[in-house]
Amino acid sequence: MTSWAQLTGPQLGDLVKTEGRSLAVLPIGATEQHGPHLATGTDTLLADTICREACRRRGVPMLPALPYGCSYGHTNAWPGTLSLSPETLTRVVCELARWAIDNSGIDRLLFISGHATNGPSIESAILQLRYEYPHARFATRGLWEISDEALRLYTSDAADIHANVAETSMVMAIDPDSVQMERAEDVEDVTVGLIWRYAMPAVTPNGVVGQPSGSSAAVGREMLDRLIQDLETMLKQAEEEAWPAIPRPAMR
């Protein structure tokens, strides 16, 4: 068992200090509208599910998934969204990391986000944490950034995706009660090739970007299996990675 929330304090201490499992993963999701057919907890569900299984396979501690992110781009156009400000999300990530490091001995922390616009806040947190903890290491990836194949799967029907075939299919495989396929509506991605970045109400009438009508639980299961496998590979690489050797200046 590697779920932080299911371990006792002594068990977690043994896992980190005795067994040397000092790399940990923090899934960061969101609670936000996902169109008329998909649950608001989609981003958290996917980050938690994929991280939980990959961490179990590698014996890596996984912090409880954070169910709130920065969802300002959804505005108040549709009900269901609960958002932290960019600054608040940065502070929350920093505070959780400080506790994991100072109290439990974690020295490598990987943030896995299920929501794209969490990225800037997490990157800001990493800048702060690297300054405070030069002995520790930090990194972040979106679920779609775990591998080239993950990106292909996530964006198969749209580049600026939301509640699309990938997200819908994976939720169908995990929790079919969180999907109402009879209400799924496809919306073309109109952002391709544009210079400016737009909030969701400027590019979609219903909060969807992509083609969720083509979703299925079978496709979702295949996607989940591949993402879990690729995250497991990333964790193995992260565990084995040594600090870079600082090169000496070339002599003239």
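The chain is numbered in sequence order, starting from 1.
In this structure, the side chain of T90 engages the main chain of S121 through a donor-acceptor pair within 3.5 Å. Judged purely by atom type and a 3.5 angstrom limit, T168 has no side-chain atom pairing as donor or acceptor with the backbone of V165. At least one donor-acceptor pair closer than 3.5 Å links the side chain of N164 to the backbone N or O of Y154. Side chain of T31 to main chain of T40: no donor-acceptor pair is present (N/O by atom type, distance under 3.5 Å, no hydrogens or angles). A donor-acceptor contact shorter than 3.5 Å is absent between the side chain of N118 and the backbone of S113. Panel note: side chain D230, backbone I146; no donor-acceptor pair is recorded below 3.5 Å. Formation of a donor-acceptor pair under 3.5 Å by the R141 side chain with backbone atoms of S147 is not found in this model.
The environment of CD in Q180 is crowded: more than 12 heavy-atom neighbours from other residues, nucleotides or ligands sit within 6.0 Å. The number of heavy atoms from other shown groups lying within 6.0 Å of CD (Q237) does not exceed 12.
At a threshold of 4.0 Å, the pair E95-R91 does not count as salt-bridged, since none of the basic side-chain nitrogens sits closer than that to a carboxylate oxygen. Note on D148 versus R152: no salt bridge recorded, every NZ/NE/NH1/NH2 to OD/OE distance being 4.0 Å or above. A salt bridge does not link E239 to R108: none of the charged side-chain nitrogens sits closer than 4.0 Å to a carboxylate oxygen. Contact check on R57 versus E53 returns a salt bridge, with a Lys/Arg side-chain nitrogen under 4.0 Å from an Asp/Glu carboxylate oxygen.
From L153, atom CG reaches atom OG of S169 across 10.5 Å, with rounding to the nearest 0.5 Å. Rounding to the nearest 0.5 Å gives a distance of 7.5 Å between CG of L23 and CD1 of I106. Once rounded to the nearest 0.5 Å, the distance linking CZ of R98 with CG of L109 reads 12.5 Å. For the atom pair CE (M62) and CD1 (I112), the distance works out to 11.0 Å, reported to the nearest 0.5 Å. Summarising the geometry, atom CD1 belonging to I28 is positioned 11.5 Å from atom SG belonging to C70; distances are rounded to the nearest 0.5 Å. In this structure, L45 CG and T42 OG1 are separated by 7.0 Å, a value rounded to the nearest 0.5 Å.
Screening H115, E167, E32 for a side-chain hydrogen bond (donor to acceptor under 3.5 Å, both in side chains) involving H162 leaves a single residue, E32.
Under the 30°/60° scheme for interplanar angles, the aromatic rings of F138 and F111 are found to lie parallel.
For the pair P201/W78, a side-chain contact is recorded, criterion being any heavy-atom separation below 4.5 Å from C-beta on. With contacts defined as side-chain heavy-atom distances shorter than 4.5 Å, the pair V171/H34 does not qualify. Two residues are said to be in side-chain contact when any heavy atoms from C-beta on lie closer than 4.5 Å; D225 and Q229 fail this criterion. Side-chain contact between S71 and L82 is absent, with no heavy-atom pair separated by less than 4.5 Å. The side-chain heavy atoms of L66 and P27, taken from C-beta on, include no pair separated by under 4.5 Å. Looking at M1 and L7, their side chains come closer than 4.5 Å, going by heavy atoms from C-beta outward. A heavy-atom distance below 4.5 Å is not found between the side chains of S104 and W99. Contact of the P36 side chain with the V208 side chain is registered, since non-hydrogen atoms from C-beta on lie closer than 4.5 Å.
Linking ILVMFWY side-chain heavy atoms closer than 4.5 Å, directly or via other members, places V92 and W4 in a single hydrophobic cluster.
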| query | Given the rule in the side-chain contact (heavy atoms from CB on, under 4.5 Å) test, do E132 and I101 qualify, once you have shown the distances and angles that lead to the verdict? | reply | CA-CA 11 Å; E132 294 181 25; I101 296 166; over 6 Å; no
| So I161 and V209, side-chain contact (heavy atoms from CB on, under 4.5 Å) or not? Walk me through it. | CA-CA 5 Å; I161 62 99; V209 180; 5.6 Å; no
| Would D107 and R137 satisfy side-chain contact (heavy atoms from CB on, under 4.5 Å), going step by step from the backbone distance to the final call? | CA-CA 6 Å; D107 61 15; R137 287 176 281 179; 6.0 Å; no
| message | Please determine whether side-chain contact (heavy atoms from CB on, under 4.5 Å) holds for the pair E185 and H37, giving the CA-CA distance in whole Å, both sets of side-chain angles, and the decisive distance to 0.1 Å. | response | CA-CA 8 Å; E185 300 171 348; H37 71 286; over 6 Å; no
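In this model, a donor atom of one side chain and an acceptor atom of the other lie less than 3.5 Å apart for Y133 and D102.
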